[in-house]
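Written out below as structure tokens is the structure these notes cover.
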Amino acid sequence: MPIKKVMVIGAGQMGSGIAQVCAQSGYEVLLNDVNEDALKKGMQHIENRLTRSVDKERIREQEKNGALARLKSTTDMQNVKGCDMTIEAIVENMDVKANVFRQLDKYAPEHAILATNTSSLPITEIAAMTNRAEQVIGMHFMNPVPVMKLVEVIRGLQTSDATHEAVADMAKNLSKTAVEVNDYPGFAANRILMPMINEAIFALHEGVASVEDIDTVMKLGMNHPMGPLTLADFIGLDTCLYIMEVLHDGFGDSKYRPCPLLRKYVNAGWYGKKSGRGFYQYN
Ligand code: CAA
Ligand code: NAD
């Protein structure tokens with residue numbers, strides 16, 4: 001069955017970006033969040049981004065209006081009834097995701113594909129929370145979603161060829177390049193990226209160099225668009241810690257142990273840009 005209507009669960013930085021790209025690509029979109037303020041903020045963020053794109057003459061006013069007309073919001077997940085697909089983008093925590101997948105399995109139409117934007121958690125385990133493991137798949141977008149071209153598509157043990165094909169086609173419709181990745185902790189992107197970020201935090205922790213200088217080394221020395229500490233703030237330090245924990249638990253290898261400084265910042269509520277404080281101070 002063709003995918004026409006999509007529910008995006010979680011209206012944070014990733015969910016709002018995914019909802020925007022889907023609406024701009026012609027899908028009917030229902031954006032969901034448990035937190036009403038977060039939902040309003042997510043919807044506002046999308047409108048601001050589209051307005052900016054019109055101002056920059058990247059899209060026409062008509063395209064912005066079309067995307068906004070296709071986009072609705074709800075705090076009630078049971079409204080998933082008419083959707084052909086769901087894309088979950090909530091906190092990187094297995095217990096919370098498991099609960100959402102149990103509910104989605106209960107309320108979503110039988111044919112609906114249930115995708116997760118998890119950065120690192122096992123797709124096979126998430127799929128096991130449902131009675132439709134063959135229709136569960138990882139669809140890992142990169143941040144910021146409207147800008148970054150990559151989507152990692154991750155098959156769980158039981159994901160069907162039909163589900164994989166539908167999601168790969170959808171990625172193409174969203175003008176993204178899909179790569180197929182196997183279900184290992186951190187997949188490919190975060191298995192490579194996150195140990196680098198964690199190592200940058202260890203370098204800071206051990207007094208090798210200052211925050212600014214560590215970032216300058218990687219920006220000017222390696223031509224990265226952002227230094228690793230700026231990137232960690234941008235991703236969210238809570239998300240970075242969750243991913244390191246998944247790598248550490250999943251591989252049982254001490255090379256993936258999260259830096260104590262990362263844990264300390266998260267315990268302090270310093271989540272990076274989204275909370276106003278991380279390695280840098282915002283606003
Ligand atoms: N949402 C949507 N669009 C955004 C955006 C956002 N949050 N931030 C920037 N953009 C867009 C803007 O449209 C902007 O274009 P305009 O100025 O025409 O509006 C364009 O990006 C360039 O932005 P800027 O000029 O402000 O800044 P920049 O040149 O430094 O680019 C960047 C910003 C694209 C984010 C760039 O710094 C970059 O590529 N950073 C690295 C991003 C990265 O590594 N992402 C992967 C993170 S890891 C991940 O996603 C996986 C995971 O599971 C954790
Ligand atoms: P975020 O903190 O910006 O947003 C998460 C949103 O989920 C919040 O608005 C929260 O209210 C909402 N939420 C929490 N529980 C919910 C529930 N039960 N039902 C509905 N909404 C709920 O987080 P984010 O950075 O957007 O990350 C979301 C997911 O995307 C995580 O799995 C993360 O690992 C993954 N991801 C993040 C990045 C990144 O760079 N931040 C990149 C790729 C993938």
Side-chain angles (χ1 to χ4, degrees), residues 7-21 24 30-43 45-46 48-59 73-80 86-104 115-121 123 126 138-152 154 181 186-194 196-197 215 218-219 223-228 230-247 271-275:
M7 177 182 263
V8 178
I9 303 108
Q13 51 178 343
M14 293 307 290
S16 62
I18 295 166
Q20 178 188 330
V21 168
Q24 276 187 273
L30 199 48
L31 182 58
N32 162 265
D33 203 293
V34 277
N35 179 326
E36 200 153 335
D37 283 346
L39 191 54
K40 277 195 192 134
K41 224 169 118 187
M43 293 292 282
H45 180 74
I46 295 172
N48 294 347
R49 279 276 154 207
L50 290 170
T51 304
R52 189 177 162 82
S53 290
V54 173
D55 293 345
K56 292 249 166 182
E57 295 181 349
R58 265 187 271 119
I59 61 169
S73 66
T74 178
T75 51
D76 186 354
M77 207 183 288
Q78 291 194 35
N79 287 330
V80 70
T86 66
I87 307 177
E88 167 277 314
I90 64 166
V91 62
E92 187 73 351
N93 177 295
M94 183 54 96
D95 291 341
V96 187
K97 287 198 196 283
N99 191 32
V100 162
F101 272 79
R102 279 190 210 101
Q103 286 188 62
L104 288 174
T116 171
N117 181 51
T118 179
S119 294
S120 59
L121 292 164
I123 306 305
I126 293 174
M139 194 175 188
H140 183 211
F141 292 83
M142 303 293 129
N143 188 9
V145 181
V147 179
M148 308 301 280
K149 290 281 167 223
L150 180 75
V151 175
E152 276 187 309
I154 309 110
V181 180
F187 316 127
N190 282 315
R191 182 165 178 177
I192 300 166
L193 173 70
M194 221 30 89
M196 183 199 71
I197 287 178
D215 276 350
M218 297 306 286
K219 274 199 304 183
N223 254 0
H224 288 198
M226 283 175 163
T230 302
L231 184 56
D233 274 359
F234 177 67
I235 291 167
L237 301 190
D238 52 339
T239 302
C240 292
L241 179 59
Y242 276 129
I243 296 170
M244 284 312 298
E245 282 172 341
V246 169
L247 290 172
Y271 295 160
K273 206 170 172 197
K274 66 183 167 188
S275 74

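Remember, it's 1-based here, ligands and their atoms both numbered in the order they're listed. For clarity, every value in this text was computed on a predicted model and none was experimentally measured.
By the definition of a contact as any protein heavy atom under 4.0 Å away, atom 11 (C) of ligand 1 is in contact. For atom 50 (O) of ligand 1, the nearest protein heavy atom is under 4.0 Å away. Within the 4.0 angstrom cut-off, atom 28 (P) of ligand 1 has no protein heavy-atom neighbours. Protein heavy atoms come within 4.0 Å of atom 2 (C) of ligand 1. The nearest protein heavy atom to atom 33 (C) of ligand 1 is not closer than 4.0 Å. Atom 23 (O) of ligand 1 is not flagged as protein-proximal [any protein heavy atom, distance under 4.0 Å].
At the shortest separation from atom 3 (O) of ligand 2 among protein heavy atoms lies Q13 N, 3.2 Å. Protein heavy atom nearest atom 4 (O) of ligand 2, with residue, atom name and distance: G12 CA, 3.3 Å. Looking from atom 19 (N) of ligand 2 to the surrounding protein, the closest heavy atom is V34 CG1, 3.5 Å. The shortest contact between atom 21 (O) of ligand 1 and any protein heavy atom is with V147 CG2, 3.5 Å. Here the protein heavy atom with the shortest distance to atom 23 (O) of ligand 2 is K274 NZ, 4.0 Å. The protein non-hydrogen atom at the shortest distance from atom 36 (C) of ligand 1 is P225 CB, 4.1 Å. In this structure, the protein non-hydrogen atom closest to atom 52 (C) of ligand 1 is N190 ND2, 3.4 Å. Of all protein heavy atoms, the one closest to atom 12 (C) of ligand 2 is D33 OD2, 3.2 Å. Closest to atom 32 (O) of ligand 2, if we only count protein heavy atoms, is E92 OE1, 2.6 Å. In this structure, the protein non-hydrogen atom closest to atom 48 (S) of ligand 1 is L193 CD2, 3.4 Å. Considering only non-hydrogen protein atoms, atom 8 (N) of ligand 1 sits nearest to R49 NH2, 3.8 Å. Looking from atom 30 (O) of ligand 2 to the surrounding protein, the closest heavy atom is N117 ND2, 3.0 Å. Annotation: atom 45 (N) of ligand 1 to nearest protein heavy atom, N143 O, 2.7 Å. For atom 17 (O) of ligand 1, the closest non-hydrogen atom on the protein side is R52 NH2, 2.9 Å. Annotation: atom 7 (N) of ligand 1 to nearest protein heavy atom, P144 CB, 3.6 Å. Shortest contact from atom 27 (O) of ligand 2 to any protein heavy atom: M14 CG, 3.9 Å.
Neither the backbone nor the side chain of Y242 comes within contact range of ligand 2; no heavy atom lies under 4.0 Å. Contacts between V145 and ligand 1 below 4.0 angstrom, taking non-hydrogen atoms only, are absent altogether. Here I235 has heavy atoms under 4.0 Å from ligand 2 in both its backbone and its side chain. Within the 4.0 Å heavy-atom criterion, the part of I9 lying near ligand 2 is the side chain and not the backbone.
A donor-acceptor contact shorter than 3.5 Å is absent between the side chain of N117 and the backbone of M14. Proximity of a side-chain donor or acceptor of Q13 to a complementary backbone N or O of I235 within less than 3.5 Å is detected. Judged by distance alone, with hydrogens and angles left aside, the side-chain atoms of D33 form no donor-acceptor pair with the main-chain N or O of A38 at under 3.5 Å. Within the 3.5 Å criterion, the main-chain N or O of A188 finds a donor-acceptor partner in the side chain of E152. Formation of a donor-acceptor pair under 3.5 Å by the D233 side chain with backbone atoms of K273 is not found in this model.
Rounding to the nearest 0.5 Å gives a distance of 12.0 Å between CE of M43 and CG of N48.
The atoms of ligand 1 that sit less than 4.0 Å from any heavy atom of I235 are 48 (S), 54 (C). The M148 neighbourhood of ligand 1 comprises atoms 42 (C), 43 (C), 45 (N), with distances under 4.0 Å to a heavy atom of that residue. Atoms of ligand 2 found under 4.0 Å from any heavy atom of H140 (numbered from 1 in listed order, with element): 43 (C), 44 (C). For ligand 2, the atoms sitting less than 4.0 Å from at least one non-hydrogen atom of N32 are 20 (C), numbered in the order shown with element in parentheses. Within the listing of ligand 2, atoms 9 (O) sit less than 4.0 angstrom from a heavy atom of A38. Proximity to S119 (heavy-atom distance under 4.0 Å) selects the following atoms of ligand 2: 33 (C), 34 (O), 35 (C), 36 (N), 37 (C), 43 (C), 44 (C). For ligand 2, the atoms closer than 4.0 angstrom to any heavy atom of T239 are 33 (C), 34 (O). Of all atoms in ligand 2, numbered sequentially from 1 with element shown, those under 4.0 Å from a heavy atom of K97 are 31 (C), 32 (O).
Of all heavy-atom pairs spanning N79 and L30, the tightest one is O-CD2, 3.5 Å. Residues I46 and A19 come closest through the heavy atom pair CD1-CB, 4.0 Å. What you find for I18 and A89 is that their closest heavy atoms are CD1-CB, 4.3 Å.
For the 3.5 Å distance criterion, the side chains of N190 and S120 fail to qualify, holding no donor opposite an acceptor.
A salt bridge links K274 to D238: at least one charged side-chain nitrogen sits closer than 4.0 Å to a carboxylate oxygen.
Ligand 2 has A89 within reach: a non-hydrogen atom of the residue lies less than 4.0 Å from it. The shortest separation from a heavy atom of H140 to ligand 1 is under 4.0 Å, placing the residue in contact. Ligand 1 lies out of reach of A189, whose nearest heavy atom is not under 4.0 Å from it.
Looking at R58, M142, K273 and measuring to atom 16 (P) of ligand 1, the nearest heavy atom belongs to R58. When the options I87, N143, V100 are ranked by their closest heavy atom to atom 18 (N) of ligand 2, first place goes to V100.
By the 3.5 Å distance cut-off applied to N or O atoms, I243 is not counted among the residues near ligand 2.
If you run side-chain contact (heavy atoms from CB on, under 4.5 Å) between S119 and each of L193, N143, I243, only I243 comes through. Remark: of the listed residues L31, I87, V80, V80 is the sole one forming a side-chain contact (heavy atoms from CB on, under 4.5 Å) with M7.
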